[in-house]
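Since the structure comes first, as structure tokens, the remarks are kept for the end.
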Amino acid sequence: MENLVKLAREGRLEQGLGLTFGTHRPNPVERVAYDIEELVRDYRVGRRADGSPYRFLIKTYGCQMNEHDTEVMSGLLLAMGYEQSDSDENADFILFNTCAVRENAEAKVFGEIGRLRPLKAKNPELLLGLCGCMAQEQGVQKMVLEKFPWVDVVFGTHNIHRLPAILTAAKQSQETVMEVWDKAAETVEDIPKVRKDSVRAWVNIQYGCNKFCTYCIVPYTRGRERSREPEDVINEVRELVAAGYKEITLLGQNVNDYGVDLGTITFAQLLRAVNDIEGIDRIRFTTSNPWNFTDDLIAAIAECEHVVEHIHLPVQSGNNEILRRMNRTHTREYYLQLVNKIRKAIPDVSLTTDIIVGFPGETEAAFQDTLSLVREVQFDNAFTFIYSPRENTPAAKFADEVTLEEKKDRLRRLNDVQYQISLARNQALKGRVVEVLVEGESKTNREVLTGRTRTNHLVLFPGDISLKGQHVDVEITNPQTFLLKGQCVYREEVVS
Ligand code: 5AD
Ligand code: SF4
């Protein structure tokens, strides 16, 4: 059998299999529609010679962008003839769709890859793969080749649509097949997707990030900002609405900047266009950063009846010097002013945020600024993290004198403050009737349903699963820090 890695190093693999090894970028970004029939004809490697299907399992780490990429890859694999597996033991292809934002997530993935190695002895056909943000890191690529050679395929965030070709190559190779482009070559449309949920769906509107916050690896792993054409977004949402989806989340790293690269549309205009789609129910969006949050955008959120009253608005720190060193380009004062403007226009809005503690150079006084900002804004919820240095990001070179113990203590103190705020804000809802979109049964009690308010509060209440996908009115009886418990106040049309 030919050694594909060797072929690739000699620059011949591309001719044979259409694969690119390493970080070569083939073309300028181009919109490509996927021909699923061609895919099935050329790459039906999901089945054995006797026609029985191979089984795949994707393990997803990190953000909603990754969750959605998993839906795309599942669609590709099913089109290739694979079936989903429900366990490691039954799978013939186990793929790690990874996150590189913090170091501990990376360590977990390597631990799992080590743990799964013995399965290869039991099932010689088993392929192990690594994709997602970690795969974009040269340090990780090197580590896999040197320390985890039993990984069969590694491919990057810009190569997802090439999975069929990559898997075909891996089936013929004894060594790790690696295809990682450093930049996007194509914005691919028409890939079939397997949606995880039947009520809520994600729709990518933009890929990549141009912001280069000094702590963040995303601009390196996901490339520059690219917006999808508005027609493609609208068509996808229309299809989802026709298929019965009730809640659409528009996804991007900086949704406010949607359309800047196209020059023909703004995010506010896109929201209005999606809002006008016949039959659309709820529209969410994430992530919306503080910059470029125009008055136009605030007006669009306030005026579009289907756009919900929830904004995830990462602040990261309440101290201007730290914000400057993070390259966030917003100040504490600008952020607070923006929050005031948003609350004035959308009085019931719920605001959530991301905060990093222990950024290099963060003094106790600087940390106190974060605490005071959190108290001042009164977020509904905050995702809080200890700073984790990421290879090749500017902040990784900053002198860091804060001890890990101190960082953990700051995280604990910050969470204490935020949990009290979350609880108090939830308690204010006691006795109120809120509109809940029912998502399904609680994992721990099948007689309890879970759903969310427009403001993204999780609500649990007793009810029958036939209500899944419906809007119900729930009276909040027992508000807690992370969820609201209540009783369904049946609407007339629901009562039989
Ligand atoms: N260390 C800790 N947290 C980080 N985030 C991004 N990069 C890092 C890092 N190096 C956090 C930010 C971001 C969220 C998705 O993850 O708060 O908003
Ligand atoms: Fe990372 Fe900043 Fe881009 Fe968010 S905006 S993905 S934190 S670089």
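Just follow the structure's listing: the first ligand is 1, and inside any ligand the first atom is 1.
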- Task: Validate the cation-pi geometry between Arg228 and Tyr207: distance from NZ or CZ to the six-membered ring centre under 6.0 Å, angle to the ring axis within 45°.
- Result: no
- Note on the structure: Here the atoms of ligand 2 under 4.0 Å from any heavy atom belonging to Tyr215 are 7 (S)
- Asn289 and Arg328: CA distance, side-chain angles, deciding distance, side chain to side chain donor-acceptor pair (under 3.5 Å) verdict: CA-CA 9 Å; Asn289 272 296; Arg328 286 293 287 178; 2.9 Å; yes
- Spacing of CD belonging to Glu236 relative to CH2 belonging to Trp202, to within rounding of 0.5 Å: 13.0 Å
- Proximity to ligand 1 by part of Phe385, non-hydrogen separation under 4.0 Å: side chain
- Minimum-distance protein heavy atom relative to atom 1 (N) of ligand 1: Ser388 N, 2.9 Å
- Task: Side-chain contact test, heavy atoms from C-beta onward, threshold under 4.5 Å: evaluate it for Leu373 versus Phe379 and give yes or no.
- Result: yes
- Protein heavy-atom partner closest to atom 6 (C) of ligand 1 - residue, atom, separation in Å: Val101 CG1, 3.2 Å
- Which ligand 1 atoms does Arg390 reach within 4.0 Å, using its non-hydrogen atoms? 10 (N)
- Message: Are the side chains of Gln420 and Thr481 in contact, using a 4.5 Å heavy-atom criterion?
- Response: no
- Message: Between Glu309 and Arg343, does any side-chain N to carboxylate O distance fall below 4.0 Å?
- Response: no
- Note on the structure: What lies under 2.8 Å from atom 2 (Fe) of ligand 2, restricted to protein N/O/S atoms, is Cys213 SG
- Message: Side chain or backbone, does Gln316 bring an N or O within less than 3.5 Å of an N or O on ligand 1?
- Response: yes
- Task: Note the single closest protein heavy atom to atom 16 (O) of ligand 1, along with its residue, its atom name and the distance in Å.
- Result: Arg102 NH1, 2.9 Å
- Note on the structure: So for Trp291 against ligand 2, with non-hydrogen atoms under 4.0 Å, the contacting part is side chain
- Message: Students often mix this up, so state it plainly: with edges at 30° and 60°, are the rings of Phe148 and Phe110 parallel, tilted or perpendicular?
- Response: parallel
- Task: Run the ring-centre check on His312 versus Phe285 and record whether the distance is less than 6.0 Å.
- Result: no
- Message: Under 4.0 Å from a heavy atom of Ile356: which atoms of ligand 1 are those, numbered in the order shown and with their elements?
- Response: 3 (N), 4 (C), 5 (N), 12 (C), 17 (O)
- Query: So does Glu247 pair up with Arg195, basic N to acidic O under 4.0 Å?
  - Reply: no
- Task: With the side chain counted from C-beta on, respond yes when Ile386 and Lys408 share a heavy-atom pair under 4.5 Å apart, and no when they do not.
- Result: yes
- Cation-pi geometry met for Arg325 and Phe398 (6.0 Å, 45°): yes
- Query: To which protein heavy atom is atom 2 (C) of ligand 1 closest, and what is the distance rounded to 0.1 Å?
  - Reply: Ile386 O, 3.4 Å
- Residue, atom name and distance, where the atom is the protein heavy atom closest to atom 15 (C) of ligand 1: Asp354 OD2, 3.8 Å
